[in-house]
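Here is the structure we will look at.
Remember, it's 1-based here, ligands and their atoms both numbered in the order they're listed. These numbers were taken from a predicted model, which means no experiment stands behind them.
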Amino acid sequence: MSTDSNTKYVGKAPSRVEGPLKVTGQAKYSAEFSVPDLVYGYVVSSPVAKGKIRKIHADKILALPGVIQVFSHENVPTLAWFDRSYKDDVAPGGSPFRPLHDDEIKFSQQPVALVVAETFELARYAASVLEIEYEQEKHATDVEALREKGQEPGSGKTGYKPPVRRGNADKGLSKAEHRIKQEYIHGTQHHNPMEIFGATVHYHPDGKLTVYDKTQGVYNCQQYLKKVFGLSADKARVVNLFMGGGFGAGLRPQYELFLSVLAALELKRSIRLSLTRQQMFSLGHRPHTVQTVELGTGPGGELLGLKHKAVHETSRFEEYTENVVNWSGMLYQCPDVHLEYEVVPLDVFTPLDMRAPGAATGSIGLEVAMDEMAYEAGIDPLEFRRRNYADRDQNEDKPFSSKKLREVYDEGARRFGWDQRKMEPRSMREGNKLVGWGMAGGVWDASMQKAAAKASITADGKLTVSSAAGENGTGTYTVMTQIAAETLGLPMEAVTAKLGDTTLPEAPVQGGSWTAATVGSAVKSVCEALGEKLLKLAQKMDDSPLKGAKPEDVEFVNGLIRLRKEPRQSVVLRDVLQVSGEREIEADSSVMPNPLNMQKYSMHAHNAVFVEVQVDEDLGTIHVTRVVNVVAAGRIINQKTARSQVLGSVVWGISMALMEETVMDHRYGRYMNHNYAEYHVPVNADVRDIEVHFVEEEDPHVNPLGVKGIGEVGLLGVAAAITNAVYHATGKRVRSLPLTIDKLL
Ligand code: MOS
């Protein structure tokens, strides 16, 4: 299925199907569901980073009329229990944080109490005057100061890939004609989706719960409730229909889930709980990371040795790992590679996957270093990358299932006009603005997970497809609808996609850029299964021209089941449904990645980013005036939603390069700019000309759809390309992000 010229919906650019619901305010987010007789919760957060809770003076606020209860470790343990070995689907090694479990404070802003009242305002007021006595202990939160304490992760956690080492990097480097060694640092970042984390728990008269939670994984949350509260699946239904952004913050069950369900069970009442923007900085973060990169080249600009080390923080109770350095062993051809990866346990909350975790970070180190190396060797940065093109994944010593990075380079350079670039820094200007052009690239894993789906079609020809995946704004409802409509030859308007509910077939958390590949494949598979049932019914009809036809002999197109061979006789699908006498026909199916293909091939998406910046010489202000981001990510199901995702990635990259940083005051072990006023993200004025292009990439091995996923790959290289462009504009190499004006002076 290389070209999509013979498809009606797949590969085209339909608008998102839930768009009207969103723009008319009908789409309900987790803390918006109206449930009768609600009470309201407000979380109290610890002001200290480490210590003990000595006393909670709940009596005073419990005396306020309308305050219902104050939950804390003093009154919780009877109800909640934890399986010590419990891990959620995406947990790192160690032991998850247990809210209100004991008197111990492990990080600043740790939830220490939940105040429940008849109104939100009262709960908030009561929480603000709740007196808590703490016994403060000495904390350590500064990863840069403690980087020597880094240790290679080792507790067998999920997703941890030991760093790659091959050949002898020191030896390779010693043969080099040109060498560089530099350190790159970026600060902490928080996901900060617009929608605040929150939950509405509907406590039904029979004691069952419907939990509307902000999460990227309803099944993962249901499992959590089972392990923590002993709630069987029929006792707790978890729902998330829409998200105002997730970016990874909702991958793991967050503490609003624990606290709201705890209160509902204890009080036997429905409750709504919303965190504050400040509390959004207590849900996990992209960790502050220090990287060292060393490169060396031979006479032809070929890489002879590569060393990349990263150190970042983790919490004291979980060993969070994001593999920062591993992609550096595969993006370029290099025989002698030494990668090192360490974490430092500190008194902070466990970091959490944030859009392209690890790779987004590591690509800053590698891709700025590649630019520095290109200058050191006197080779154009793009040409330098071309000379070190990896035709094979050297990390895993496997061929790629497909790789169109060369085409990405060509297309990006052509669209940007890279050949007009002068190598010399400070050589381009426009009035009093220094103009700089920079580029960088990236690689990201093309993943697929196990997932199930269901399809049902009614006598009037309306099809419903469902799977409990998530929709965090990426376009899942839309691609499910497109794939279903395409597979069964129905108009998109005849298809309803359902997701985000544990009453639907099981699907994994929405993350890792795998949802389109995973749920898309499940939807395709279940529609094919339904198609086979429909064919059988069609064959039972009198004088059916389809008698004896096998599934592969027919196609579903324009509401017909039609023979592929001339003269292409057909029956009308609606007639089949009517004649069958069935009110509804259903099919179930599940898919999983092909283990043989996974063994045989390295599966990855690639991109390259070309950036123009303008730096005001007098003021030092930096504007990203032009970005071309070219992506090879297999088949693109929806050109519009895919482009939107990459546009979002570019905005994130601008943010990463120039603005975003959560600043901690280590005297208090506390994030100080925990609000939208001081945690800077781009606004419209910061977002100028962005061009997104997908190169065609046919991949018969990656999954039945040929999809690689575009949720994360678009971010790679953006921050590095901007940093490189700023160097080209100013001649000043900044190695610490965000690249704020003070660093340029
Ligand atoms: Mo993504 S960081 O896997 O939500």
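Residue contact check: Gly511 has heavy atoms under 4.0 Å from atoms 1 (Mo), 3 (O), 4 (O) of ligand 1. Residue-ligand proximity, Phe247 to ligand 1, at heavy-atom distances under 4.0 Å covers atoms 2 (S), 4 (O). Applying the 4.0 Å criterion to heavy atoms of Met354 picks out, from ligand 1, the atoms 2 (S). With ligand atoms numbered from 1 in the order given, ligand 1 contributes 2 (S) to contacts under 4.0 Å with heavy atoms of Asp353.
With respect to atom 2 (S) of ligand 1, the closest heavy atom belonging to the protein is Arg355 N, 3.4 Å. Protein heavy atom at the shortest distance from atom 4 (O) of ligand 1 is Gln216 NE2, 2.8 Å.
By the 6.0 Å and 45° rule, Lys398 does not stack over the aromatic ring of Tyr601. For the pair Arg277 and Tyr676, the distance from NZ or CZ to the six-membered ring centre is under 6.0 Å and the angle to the ring normal is within 45 degrees.
Proximity of Met603 to Asp699: side-chain heavy atoms (C-beta onward) are nowhere separated by under 4.5 Å.
In the displayed structure, Lys498 atom NZ is contacted under 6.0 Å by at most 12 heavy atoms of other residues, nucleotides or ligands.
Not one N or O on the side chain of Glu319 forms a donor-acceptor pair closer than 3.5 Å with the backbone of Gly94.
Of the candidates Lys403, Lys708, Lys404, Lys708 is the only one forming a salt bridge (Lys or Arg N to Asp or Glu O under 4.0 Å) with Glu697.
Any N or O atom pair closer than 3.5 Å counts here, and Gly512 shares at least one such pair with ligand 1. Ligand 1 has an N or O atom lying under 3.5 Å from an N or O atom of Gly248, backbone or side chain.
Residue-level proximity to ligand 1 for Asn472 is absent, since no heavy atom of it falls below 4.0 angstrom. Contacts of Glu712 with ligand 1, taken as heavy-atom pairs under 4.0 Å, involve the side chain alone.
A ring-centre distance under 6.0 Å is not found for Tyr29 and Tyr212.
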